[in-house]
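Structure first, commentary second.
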Amino acid sequence: MTAVTKTRMNEAAIRKAHMLIGGKWVGSASGEVFEVENPANRRSIAEVPRGRAEDVDRAVKAAAEAFPAWSRTTPRERGRLLARIADALEERVEELARTVALETGNAIRTQSRPEAKVTVDVFRYFGGLGGELKGETIPLGEQILSYTRREPLGVVGAIIPWNAPVSLGAVKIGPALCAGNTMVLKAAEDAPLGVLLLAEVCQQILPPGVLNVLTGYGEECGAPLAVHPLVRKLSFTGSTEVGKLVMHAAADRIVPISLELGGKSPSIVFPDANEDWVIEGMISAMRFTRQSQSCTAGSRLFLHRDIFDDFLERLGRKVTALKLGDPLDEASDIGTIINEKQFKKVCGYVEDGLKQRAGRVVIGGLPPKEGPLSEGYYAIPTIFANAANDWRLAREEIFGPVLVAIPWTDEADAIRMANDSHYGLAAYVWSHDLGRALRTAHAIESGWVQVNQGVGQSLGQPYGGYKQSGIGREFSLDGMLDSYTQSKTITVNLTH
Ligand code: NAI
Ligand code: MG
């Protein structure tokens, strides 16, 4: 049996999904729907409501109505409900993993199942933070009592992308609800099914209207959410381009905003790190098993000239050994690109790289036009050597498995090139010399620098970008307090 027929067998008949508004499962006001495609074989797997401004309005009003009671629920009690969501979700991890694999093309073993497990953990983590919504007392003397309260903002409008849809949804829902806000979450049009399943589990436990989930296109459903007058906070994850639009909408009403945007993260390898564990770490940092559709992908590799050719040859051999195939097959390491538009975009970058005279292809190239892999959006991991930092491939976020390797000899020059980007999300430094590695980490303009590892975000660590990679922090207590609460000061004169 080929990989592709296996996928077909796993597909249910076309599913008709609904959105969650005010605790009810509903279609769009217009009755319109759109189809969700399985990127591994380009077949339709579900129909979901095509939400528009009218649906956004209904959802925001439901969230506004639910807000007073939810915000007055004690924080520990809100946390307890989030922890119950974690338990209920844990029972359905496999279903969640398969749904996400089917709609995104993310391989189940390497990506969708780990993502589903992280999603459970996100609810468990934020479920424990209710008691941490503490204020301060300010020492103004014996006659004055001045203290602060952490109060919720109100209705949060959240917009998320498709690359890790359920965990990125959870890192907005968890802290926003724990802090006492209610939410309207717009799922990405390419990956709404896992998010709707997550919403189903949440709705079994939460009061109606606390979480509302919409499906729809960016301009039709995301844009009206960003401008809705009852939305008091915006939280967006996605492209820098759309992040700017949402920020403009926020500016018009002075609405606080959190943005988690793109990246073009550098990975700096010192000459003492020409070792196998670094090569493994690099594969992880580049997120090859996520088709590199990750904002933290270490996609600019600055390799010391002394080890350049040898390191790349060994890296190339390891990456080539990864198995591309059916996302639902446990044997697959790498699945597919999300959709045709992104697939063509990634291929365009590869074509561009192939045309660069100074560059050299270490592995990869354009995807096959025939055979089982041509049935889906399978991109081949590709590495270009001797790239220049001013190539389009080295400057723009490709969001596909295309790595550019740039040689360096002088440490200051490597740091200068690493910082020569309008992005600043993540970075990776590889060396046994901890002094040198930490000097480099401190000099890099990024929100998150990893030394000698290339793993994904960990709960508890503030995560977010410098420069055009974003504003605000997620995944952490600080992120919850900064992004989802506002501080009120109360000053009492004790002499009267
Ligand atoms: P996108 O930024 O267009 O989509 C993200 C979300 O924003 C989706 O829910 C979409 O419906 C919504 N959206 C789109 N236009 C909107 C608008 N005018 N107003 C409000 N919401 C809107 O990302 P897209 O088109 O899926 O991917 C394009 C590129 O963006 C990728 O190649 C990648 O470079 C980057 N990207 C970065 C992500 C990250 O995690 N940092 C995630 C996804 C994409
Ligand atoms: Mg877009």
Side-chain angles (χ1 to χ4, degrees), residues 39 100-101 103-119 122 160-172 188 190-191 194 236-240 242-243 259-267 280-301 319 322 324 327 332-339 342-343 345-346 349 377-383 393-394 396-404 421 423-428 446-450 453-459 461 463-466 468-470 474-475:
V100 172
E103 66 181 340
T104 61
N106 289 339
I108 191 149
R109 190 190 88 253
T110 56
Q111 170 60 13
S112 337
R113 190 176 295 119
E115 187 198 343
K117 289 182 177 168
V118 163
T119 304
V122 170
I160 55 169
W162 41 262
N163 52 332
V166 291
S167 62
L168 294 178
V171 296
K172 302 215 185 290
D190 292 295
F236 173 84
T237 301
S239 62
T240 295
V242 175
L259 298 169
E260 296 290 340
L261 308 174
K264 190 72 188 177
S265 299
S267 211
E280 294 291 347
M282 190 71 57
I283 291 170
S284 167
M286 180 52 187
R287 318 286 190 238
F288 273 119
T289 60
R290 297 178 56 184
Q291 305 75 257
S292 307
Q293 296 177 126
S294 161
C295 38
T296 51
S299 53
R300 286 186 299 150
L301 171 54
V319 175
L322 296 172
L324 251 76
S332 300
D333 297 306
I334 303 181
T336 73
I337 297 292
I338 185 76
N339 60 27
Q342 290 296 114
F343 181 69
K345 184 174 152 192
V346 172
Y349 281 107
Y377 306 121
Y378 290 95
I380 312 290
T382 300
I383 303 177
L393 275 78
E396 296 174 12
E397 182 177 52
I398 298 177
F399 234 57
V402 183
L403 178 66
V404 291
S421 167
Y423 290 118
L425 193 53
Y428 307 87
S446 288
W448 184 26
V449 184
Q450 294 187 67
Q453 66 164 22
V455 303
Q457 293 92 318
S458 295
L459 286 160
Q461 294 192 150
Y463 164 75
Y466 278 21
Q468 289 190 29
S469 288
E474 291 192 315
F475 280 87

Notebook entry, point to check: Name the one of Gln291, Glu115, Arg290 that satisfies side chain to side chain donor-acceptor pair (under 3.5 Å) with Asn106?
Noted result: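 Only one of Gln291, Glu115, Arg290 forms a side chain to side chain donor-acceptor pair (under 3.5 Å) with Asn106, namely Gln291.
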Next item on the list: Report the residue from Gln461, Lys172, Gln457 that forms a side chain to side chain donor-acceptor pair (under 3.5 Å) with Glu474.
Entry: Lys172
Does any N or O in the side chain of [X] come within less than 3.5 Å of the main-chain N or O of [Y], such that one atom is a donor and the other an acceptor?
X: Ser284; Y: Gly454; value: yes
X: Ser332; Y: Leu324; value: no
X: Thr289; Y: Asp333; value: no

How many angstroms lie between [atom1] in [X] and [atom2] in [Y], if you round to the nearest 0.5 Å?
X: Thr240; Y: Tyr423; atom1: OG1; atom2: OH; value: 4.0 Å
X: Ile338; Y: Phe343; atom1: CD1; atom2: CZ; value: 13.5 Å
X: Tyr349; Y: Thr382; atom1: OH; atom2: OG1; value: 14.5 Å
X: Tyr377; Y: Gln342; atom1: OH; atom2: CD; value: 11.5 Å
X: Leu259; Y: Ser239; atom1: CG; atom2: OG; value: 10.5 Å
X: Lys264; Y: Cys295; atom1: NZ; atom2: SG; value: 13.5 Å

Non-hydrogen side-chain atoms of [X] and [Y] separated by less than 4.5 Å:
X: Arg287; Y: Ser299; result: no
X: Ile334; Y: Pro401; result: no
X: Ile337; Y: Gln293; result: yes

Check: Does the pair Ile283 and Leu322 meet the rule for a side-chain contact (heavy atoms from CB on, under 4.5 Å), with working shown?
Finding: CA-CA 10 Å; Ile283 291 170; Leu322 296 172; 4.1 Å; yes
Item checked: From CA spacing to verdict: side-chain contact (heavy atoms from CB on, under 4.5 Å), Gln450, Val455 -> CA-CA 8 Å; Gln450 294 187 67; Val455 303; 3.3 Å; yes
Check: Parallel, tilted or perpendicular: which fits the ring planes of Trp448 and Tyr463, with parallel below 30° and perpendicular above 60°?
Finding: perpendicular
Item checked: side-chain contact (heavy atoms from CB on, under 4.5 Å) assessment of Leu301 paired with Tyr428 -> CA-CA 9 Å; Leu301 171 54; Tyr428 307 87; over 6 Å; no
